[in-house]
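In what follows, a structure is listed as C-alpha cells, so that the remarks can point back to it.
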Amino acid sequence: MLFIKECKKLFRSVTFIIYSVLVVLMFWTQYWDVLDAPLNETACMSYEETKTSGDPELIMPAALDSLTGCYLSNSYICYPYGFFKSVHLNSSKSKKIQKYITELSGLSSDEIEALKDQNDKFYTSYGTTDYEEYNVKDVPLKKDVTYERFVEIMGDVNDILGGGSDYKPDALAYNFSQVKMTEEELKEQYNDFIEKDHISIAYGRLFSDYLGIDLAFVPVFVAAALITADRRGKMKELVYSRKVSSFKLVFTRFAALFATMMIPVLLCAALSAAKIMYMYSGSDPSFTGFFAVSGAWLIPNIAMTTAVGMLVSEIFSAGAAILVQFIFWFGSLMMSDAALYGNIGKFTFICRHNRLMYRADFMANYDNFVFNRVFYLILSLVMVLLTVFVYELKRGGRFNGIVLFGKGGIFRRKA
Amino acid sequence: MDNNIVIKNVDKFYGNKQALYNIDLTIGKGMFGLLGRNGAGKTTLMKMLAALHQKKKGEITVCGIPIEKAGQIRAVTGYLPQDFSMYPSMRTDEALEYLGTLSGMKRDELRKRTTSLLARVNLTEHRHKKIKQLSGGMKRRLGIAQALIHDPKVLIVDEPTAGLDPEERIRFRNLLCEVAEDRIVILSTHIVGDIEATCEQIAIMDEGRILWRGTVSELVKNAEGHVYTVNVEKKFMPQIKKEYIVTGMLAQTEYATVRIVSDQEPDLPNAVLTEPDLEAAYMYCLHSSGCDVKGGEE
C-alpha cells in the first residue's frame with residue numbers, strides 16, 4: 001500500500017512529468033526515425049561500412065604519419081577525461097617527440113623538418129592563433145621496429161601530451177586501422193542482424209544507446225525532488241515519528257521511483273517493439289528480445305542515478321545531488337563518446353553502441369557489458385542501503401545533514 | 001502494562017551545549033502541561049519522547065517501553081510538531097491515509113479511522129480539499145488527526161495554538177481535552193491560557209531545567225501572598241515596570257490598575273494583596289527560581 005501511495009505522489013509531481021517528456025523527446029527525436037523503413041539485404045550490402053582491423057601493419061604507418069604531421073605543426077588534439085584540449089608542446093617536449101619519430105622512421109631532425117615542403121599544408125585556428133598544419137603521408141617506418149616497442153612509444157607520446165590523445169595505446173586500433181568491410185563481411189553482418197539479433201535485439205541496443213544518455217542523468221531530478229519533498233513540505237517530523245522502519249520507507253521509495261520512471265521507458269519500448277514486429281512481419285522478429293536487451297541495459301542506469309539522487313540529497317541537498325550526478329554523467333559521456341560503438345568498459349557508466357549493426361563489436365565487449373551492468377546495479381543497491389543508514393541517523397536526531405551553501409553552510413560567503 | 005511516561009535524570013547536549021539538565025518527570029494519563037518560555041527546552045524534551053532526539057544520559061520509558069526502542073515508541077506515540085505542514089498538493093484525506101500507512105495501518109481500518117477522525121476534528125466537509133487550501137486552524141486540527149490516526153497511547157503536541165485566532169484556539173483546546181480522556185496528552189506551550197484551560201498536572205521548564213512540578217492549584221497556592229494590585233498614575237508606569245514584575249495592567253484615563261508579583265509587600269501606596277491567577281503564579285515561580293523575569297519591562 002505504501003508503494004502505491006509513493007507512486008501516486010510521483011505521478012503528480014512536476015519533475016516526473018518533465019522526466020517523462022524528456023524521455024519521450026529523446027525517443028522521438030533521436031531514435032524513432034530509425035524505424036522509418038525496414039532494413040533489407042540489398043540496402044545493407046550497398047553500405048560503405050568500416051570496421052576496426054587492429055592490424056599492426058595498418059596501425060603503425062598511419063599513426064606515424066599522424067604523429068609526424070602533428071609534430072611539424074606542434075598542434076595535437078587530445079581529450080583528457082573526455083574534454084577537448086588543443087595541445088602545443090614546449091621545445092623540450094617537442095624534442096622528445098622528434099626523437100621518437102626518428103627512432104620509428106630513421107629520419108634525422110632536419111629530414112623530418114624537410115617533410116614540411118613535401119606535404120600539403122593547411123591552416124587551423126585555435127582561439128586567436130592560426131596554426132600551420134601538415135597532412136603528412138608515407139613517413140618511412142623502420143623495418144626493425146616491433147609492434148610492442150611501437151605501442152610503448154605511443155604510450156610515452158600520449159603521456160607527454162597529457163593523456164587522451166589519438167596515440168593512447170588502447171585507442172590505436174580504433175583510430176588508425178579502420179578498413180572498409182568486404183562484401184562477405186557485410187553479408188555476415190546482415191545475417192547476424194537477422195539470425196543472431198533476431199532483428200529486435202539490434203534495435204534494442206540502439207534504443208538503449210540513446211535513452212541510456214537520458215537515463216544516466218534525468219532520474220536524479222525526480223529522486224532528489226521526492227527525497228526533499230518531506231523537508232520542503234514541512235512534513236519531515238510527521239514522517240520521522242511514524243512506526244515504519246527506515247529500511248522499508250527508503251527501499252519502498254526507491255522501488256516507487258524506479259517503477260514509475262520505468263513506465264515511460266517501457267511505453268517507448270513497447271511502441272518500438274510493436275513497430276518492429278509490424279515492419280519485419282515476414283522475418284519473425286523477436287518481441288521479447290527488444291525488452292530483454294533494453295531492460296538489461298537501462299535498468300542499472302535508472303537504478304544508479306536514482307540511488308545517487310537519494311543518497312546525496314539525504315546527506316547534502318537536492319542541488320548537490322544534481323551537481324554530483326551531472327559531473328558523473330558528463331564525465332562518462334565524454335569518455336564513452338571517444339568511440340560511439342562497441343565502447344563498453346568494465347566501469348563505463350554510459351554504455352554506447354550507436355549502430356544498428358556491428359553486433360560483433362558489441363559481442364567483443366559482452367563480458368564487460370554484463371560485468372558493468374551487474375556492477376552498477378549492485379552499487380545502486382549499496383547506495384540505497386547507505387541512504388537507509390543516513391535516514392535512520394537523521395530520524396533519530398544523530399545527524400542533520402550537511403549544509404553546503406546559505407545559512408550555516410560550510411561554503412557560506414562571508415559578508 | 002505501565003501507562004506512564006517516566007523520565008529519570010535525563011541530560012541532553014547539542015554539541016558542547018547542554019540543552020537539558022537532569023530532567024525527572026513522571027507523567028500519567030490525562031492532560032499534562034509543559035509550560036516554559038521560548039528556548040526553555042520544551043521542544044527538545046518533546047522530540048526525545050517522540051524518539052526524534054537522543055539523550056546523553058538518564059532513562060526514559062514510555063508506557064514501559066525504553067526510549068531506545070524507537071520503532072516501538074513510535075508505534076505508541078502520536079506527535080504534532082510546532083511547525084509543520086503536509087504535501088501541499090495532497091488532499092486532506094489522502095494526507096491522513098498516507099501518514100496512517102506509514103504507521104502500519106491496514107487499508108480498511110485506515111479508511112474508517114480517517115472518516116471518524118475527520119469528523120472529530122470538524123474537517124469532514126474539507127476532506128477533498130488540498131492541503132494548500134486549508135486555513136491555519138484547519139491545518140492544526142488536521143495535525144491532531146494525523147497524530148491520532150494510529151490511536152496512540154501518548155499524544156505529544158508542541159505549541160499547538162500559536163498563531164490561531166481565539167475561536168480556533170478554544171476549539172483546539174476542547175479537542176485536546178476530549179482526546180485526553182483515554183490517553184496521555186502532553187501539551188507543550190508558552191501560553192499560560194492554554195494550560196489554564198486544559199491541564200491539571202503541569203511542569204514548568206526554564207533553561208533546560210524543571211523548575212516546578214505539580215497541579216495548577218498548587219502552583220497558584222504557591223504564589224499566594226506575592227501578588228498585589230495597585231492603582232498608580234500612568235506617568236509612574238515606567239518606574240513600576242522597572243522595579244516590579246508586572247503581570248497585568250488595566251489602563252484608564254490617568255490611572256492604571258496594575259497587577260504585580262513581588263517577594264515582599266511593595267513600597268507603593270494602595271498596594272493590595274490579591275488572589276494570584278495562573279499567569280502571575282507562573283511568573284512568581286520563574287522569579288522565585290532565580291530566573292531573569294522581565295514581565296512588563298519595556
Side-chain angles (χ1 to χ4, degrees), chain A residues 1-18 222 225-256 318 388-403 408 410, chain B residues 12 14-15 19 43-44 46-55 67-68 70-91 94-108 110 130-132 139 142-143 146-147 149-150 152 154 156 158:
Chain A
M1 197 154 90
L2 180 59
F3 173 76
I4 292 166
K5 288 193 185 299
E6 292 293 347
C7 289
K8 269 189 185 174
K9 266 165 63 184
L10 282 163
F11 283 136
R12 285 184 196 154
S13 73
V14 178
T15 44
F16 176 71
I17 294 166
I18 293 171
V222 188
L226 180 77
I227 294 305
T228 54
D230 292 348
R231 191 163 62 218
R232 283 181 286 116
K234 289 187 178 177
M235 204 167 167
K236 201 174 64 175
E237 285 171 336
L238 298 189
V239 176
Y240 281 177
S241 59
R242 299 286 142 182
K243 181 185 155 191
V244 66
S245 72
S246 300
F247 184 88
K248 184 178 175 185
L249 181 59
V250 171
F251 265 91
T252 305
R253 285 182 168 176
F254 174 72
V388 173
F389 177 69
V390 173
Y391 191 81
E392 182 62 23
L393 287 181
K394 288 177 86 173
R395 200 178 178 187
R398 282 166 288 193
F399 175 63
N400 291 317
I402 299 168
V403 181
I410 53 178
Chain B
K12 164 75 185 168
Y14 290 115
T43 297
T44 301
M46 297 292 97
K47 286 188 175 177
M48 285 172 77
L49 295 179
L52 300 177
H53 273 345
Q54 305 293 307
K55 59 183 167 52
I67 202 73
E68 290 76 15
Q72 291 180 38
I73 292 287
R74 288 170 187 149
V76 298
T77 53
Y79 178 54
L80 176 63
Q82 185 175 346
D83 185 21
F84 79 97
S85 187
M86 294 181 199
Y87 305 125
S89 57
M90 226 179 216
R91 288 198 330 249
E94 274 183 325
L96 265 190
E97 286 183 9
Y98 176 70
L99 290 166
T101 306
L102 292 178
S103 289
M105 296 176 73
K106 298 279 177 281
R107 186 195 304 231
D108 292 342
L110 184 53
K130 289 187 173 174
I131 299 293
K132 62 185 170 193
K139 272 189 198 166
L142 180 61
Q146 67 77 29
I149 190 81
H150 54 301
V154 178
I156 301 163
D158 195 1

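Below, chains carry the letters A, B, ... as their sequence lines are ordered, and counting in each starts from 1. Just so we're clear, the structure is a prediction, and the values are computed from it rather than from any experiment.
Using a 4.5 Å cut-off between heavy atoms, L110(B) contacts chain A through its side chain alone, with no backbone atom that close. Heavy atoms of R12(A) lying under 4.5 Å from chain B belong exclusively to its side chain. With a threshold of 4.5 angstrom between heavy atoms, S89(B) approaches chain A through N, CA, C or O but not through any side-chain atom. No part of M48(B) comes within reach of chain A, as not one of its non-hydrogen atoms sits under 4.5 angstrom from that chain. In this structure, no portion of A70(B) lies under 4.5 Å from any heavy atom of chain A. Looking at I149(B), the atoms closer than 4.5 Å to chain A (heavy atoms on both sides) all sit in the side chain, from C-beta outward. Of the two parts of S241(A), the backbone and the side chain both hold a non-hydrogen atom closer than 4.5 Å to a non-hydrogen atom of chain B. If you measure heavy-atom distances from K9(A) to chain B, the contacts under 4.5 Å come from the side chain alone.
K394(A) NZ: more than 12 foreign heavy atoms inside a 6.0 Å radius. Open room surrounds NZ on K248(A); 12 or fewer heavy atoms of other groups in view lie less than 6.0 Å from it. Within a 6.0 Å sphere centred on CZ of F389(A), heavy atoms belonging to other residues, nucleotides or ligands number 12 at most.
Here the NZ-CG distance, from K5(A) to L99(B), works out to 10.0 Å after rounding to the nearest 0.5 Å. If you take CE on M1(A) and CD on E97(B), they are separated by 7.0 Å, rounding to the nearest 0.5 Å. With values rounded to the nearest 0.5 angstrom, R395(A) atom CZ is found 8.5 Å from L52(B) atom CG.
The residue from R242(A), K8(A), M235(A) that alone fulfils the side-chain contact (heavy atoms from CB on, under 4.5 Å) condition with Y98(B) is M235(A).
In this structure, Y87(B) and D230(A) have side chains that are in contact, with non-hydrogen atoms separated by less than 4.5 Å.
Listed here is the closest heavy atom pair of Y79(B) and L238(A): O-CD2, 4.0 Å.
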Practice problem: Take K243(A) and L102(B) through the side-chain contact (heavy atoms from CB on, under 4.5 Å) test and state the conclusion after the steps. | Solution: CA-CA 6 Å; K243(A) 181 185 155 191; L102(B) 292 178; over 6 Å; no
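Interface summary for chain A: among E94(B), H150(B), K106(B), the most heavy-atom pairs under 4.5 angstrom belong to E94(B).
At distances below 3.5 Å, at least one donor-acceptor pair connects side-chain atoms of Q54(B) with backbone N or O atoms of G396(A).
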